[in-house]
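Notes follow the structure.
Just so you know, residue 1 is the first one in the sequence shown, and it goes up from there.
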Amino acid sequence: MDRRGISGFNSDTGFDKLICEDDLNNEESSHCPPSNPGRRQVSMPSMTPSRLAAVSLVVLAVILLIVDISLGVHYNKLTDTHLTTEDVERISSDMKNLQDTYKTSVNTTKYVQKQLASEMNRQKPTNWELEHQKKRQTDYEAQIDKITKDIASMRSHLPMINNGCRQCPPGWILMNSVCYYFSFSDTAGVKTWQKARQFCQMHGGDLAVLDSKDKESSTVSVLINNQDFSLPLNGFWIGLRDLQEEGTWKWVDGKELVEGYWNDGEPNDIDNEDCAAVYPRENFFKAWNDVGCRFPMKWICEKAPNPQVKTLCLLFICLHN
């Protein structure tokens with residue numbers, strides 16, 4: 001087949017180059033060789049940059065127009081299918097009403113909170129007074145409870161005092177056929193073991209000898225009935241010590257201890273604890289501790305009854321009724 005060329009057209013020169021006709025049909029063909037008298041040539045116009053830019057802008061404008069038309073059609077379909085203008089207006093109105101309702105609720109809540117805070121501030125003095133009155137009530141109840149216990153203790157002592165009036169001096173009570181003195185009063189103070197014994201001897205007796213279960217039980221019962229629960233547990237000296245020989249406990253009457261009522265772990269002889277004291281413990285079998293003899297404590301005296309003190313004891317009862 002003959003290869004025929006087509007010359008390209010140039011706006012300035014007319015045709016700028018020859019294009020092989022075979023080149024138009026076969027992209028893989030090379031350009032026509034230089035002038036060959038036997039070949040026909042066809043000329044093609046060339047594209048300048050300005051013309052290419054203009055064509056690009058036109059194509060872009062066409063594409064944008066197509067997109068705009070498509071969006072418009074899509075919007076019209078959406079409006080026709082879902083919402084009308086009235087629906088949009090109604091939704092807008094409802095949204096505005098909801099916003100107004102929300103604002104009103106927020107303002108109402110703030111107002112109520114302010115009112116509540118104001119009311120709570122006004123209630124503070126009342127709450128303070130209520131707390132004060134409750135405290136006073138608690139104090140009164142504690143006083144009533146103490147007075148009730150004191151009355152019960154005095155009533156429990158009346159039989160002993162009445163019996164003691166026949167045989168014990170004022171301030172002493174008769175238990176187990178023995179007169180006992182308990183240094184409960186604050187005016188009596190506290191004494192060392194030796195000073196307490198001297199006090200008892202000055203009044204015709206000695207420190208208490210609790211050498212039986214009945215004496216121990218009765219003594220501890222009196223201590224419990226007269227215990228001040230607001231104070232620490234107080235011990236009372238009794239007539240027992242191991243001063244002469246460590247571990248050999250003897251009563252003040254010279255008798256050796258047969259049965260003791262020691263607390264658990266006692267006597268432990270910490271820092272030369274050679275004297276014994278009894279405590280108001282509910283379990284009277286564990287009511288004794290060994291204590292340093294120089295430690296100041298309350299004490300218990302005992303002595304034999306004396307029938308000649310009846311008149312003095314009756315006077316004592318009359319003064320305390």
Side-chain angles (χ1 to χ4, degrees), residues 146 149-150 152-154 156-157 160 171-176 178-203 205-303:
K146 185 177 183 304
K149 290 180 179 179
D150 291 343
S153 176
M154 292 176 64
S156 66
H157 292 163
M160 292 185 292
W172 294 63
I173 60 176
L174 182 67
M175 293 190 311
N176 302 309
V178 179
C179 294
Y180 288 92
Y181 171 81
F182 294 83
S183 60
F184 289 126
S185 65
D186 294 333
T187 56
V190 292
K191 300 180 184 298
T192 64
W193 188 92
Q194 188 61 40
K195 293 290 185 181
R197 186 180 187 190
Q198 291 174 1
F199 176 91
C200 297
Q201 290 174 339
M202 287 175 55
H203 290 81
D206 209 331
L207 287 172
V209 177
L210 307 180
D211 56 358
S212 70
K213 186 181 73 172
D214 291 337
K215 289 182 179 180
E216 171 73 9
S217 175
S218 301
T219 301
V220 173
S221 178
V222 173
L223 295 179
I224 291 175
N225 290 332
N226 289 273
Q227 179 185 358
D228 187 351
F229 291 94
S230 63
L231 299 176
L233 197 64
N234 294 320
F236 288 73
W237 290 125
I238 58 176
L240 183 66
R241 62 180 179 173
D242 68 344
L243 187 61
Q244 295 179 351
E245 182 181 353
E246 182 62 36
T248 301
W249 292 87
K250 292 184 178 181
W251 296 105
V252 290
D253 59 5
K255 295 179 181 179
E256 191 171 330
L257 176 66
V258 176
E259 182 181 7
Y261 303 97
W262 300 102
N263 193 15
D264 294 336
E266 301 288 342
N268 52 23
D269 193 36
I270 298 177
D271 297 331
N272 296 321
E273 296 177 330
D274 296 324
C275 294
V278 62
Y279 289 78
R281 295 191 177 101
E282 184 177 3
N283 184 355
F284 65 85
F285 289 101
K286 298 181 179 182
W288 293 0
N289 281 22
D290 61 337
V291 185
C293 299
R294 294 183 179 276
F295 190 79
M297 301 181 71
K298 299 287 187 177
W299 67 94
I300 305 172
C301 299
E302 72 169 39
K303 68 178 179 177

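Listed for the W237 side chain is a donor-acceptor partner under 3.5 Å among the backbone atoms of K191. For the pair S183 (side chain) and W299 (backbone), a donor-acceptor distance under 3.5 Å is present. A donor-acceptor contact shorter than 3.5 Å is absent between the side chain of D274 and the backbone of R241. Checked by atom type and distance alone, the side chain of S218 pairs as donor or acceptor with a backbone atom of D214 at under 3.5 Å. No donor-acceptor pair under 3.5 Å is formed between the side chain of K215 and the backbone N or O of M175. A donor-acceptor contact shorter than 3.5 Å is absent between the side chain of N272 and the backbone of G292. Remark: the backbone N or O of V178 is not paired with any side-chain donor or acceptor of N176 at under 3.5 angstrom.
Here the side chains of S221 and F284 are not in contact, with every heavy-atom distance at 4.5 Å or above. Using a 4.5 Å heavy-atom threshold, the side chains of D206 and K303 count as separate. With contacts defined as side-chain heavy-atom distances shorter than 4.5 Å, the pair E273/N289 does not qualify. I238 is not listed as a side-chain neighbour of L207, based on a closest heavy-atom distance of 4.5 Å or more.
Within a 6.0 Å sphere centred on CG of D253, other residues, nucleotides and ligands contribute more than 12 heavy atoms. Around the CG atom of N283, the shell of radius 6.0 Å holds more than 12 heavy atoms that belong to other residues, nucleotides or ligands.
Considering all non-hydrogen atoms of both residues, T192 and R294 come closest at CG2-O, 3.3 Å. Across all non-hydrogen atoms, the minimal contact from A277 to V291 is CB-CG2, 4.2 Å. Shown here for V190 and K298, the closest heavy-atom pair between the two residues is CG1-N, 4.0 Å. L240 and W193 get closest at one heavy-atom pair: O-NE1, 4.0 Å. Of all non-hydrogen atoms in T219 and F182, the two that sit nearest each other are CG2-CE2, 3.9 Å. Here the closest heavy-atom approach between residue A208 and residue Y180 is recorded as CB-CE2, 4.1 Å.
Note: F199 and Y181 have tilted aromatic rings, judged against thresholds of 30 and 60 degrees for the angle between ring planes.
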(request) Might you work through the side chain to side chain contact (heavy atoms under 4.5 Å, CB included) test for C275 and F295, ending with a clear yes or no? (result) CA-CA 10 Å; C275 294; F295 190 79; over 6 Å; no
(message) Walk me through whether E216 and F285 qualify under side chain to side chain contact (heavy atoms under 4.5 Å, CB included).
(response) CA-CA 8 Å; E216 171 73 9; F285 289 101; over 6 Å; no
(request) Assess whether side chain to side chain contact (heavy atoms under 4.5 Å, CB included) is satisfied between V220 and R281, documenting all intermediate values. (result) CA-CA 7 Å; V220 173; R281 295 191 177 101; 5.6 Å; no
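Taking the six-membered ring for Trp and the full ring otherwise, Y279 and Y261 have centroids separated by 6.0 Å or more. The distance between the ring centers of W288 and W249 does not fall below 6.0 angstrom.
Atom NZ in K213 sits 8.5 Å away from atom CD in E259 (nearest 0.5 Å). Annotation: the span from L257 atom CG to W262 atom CH2 amounts to 7.0 Å, rounded to 0.5 Å. Rounding to the nearest 0.5 angstrom, the gap separating the SG atom in C293 from the CG atom in D242 is 8.0 Å.
Checked options L223, I224, V222; the residue passing with N226 is V222 (criterion: side chain to side chain contact (heavy atoms under 4.5 Å, CB included)).
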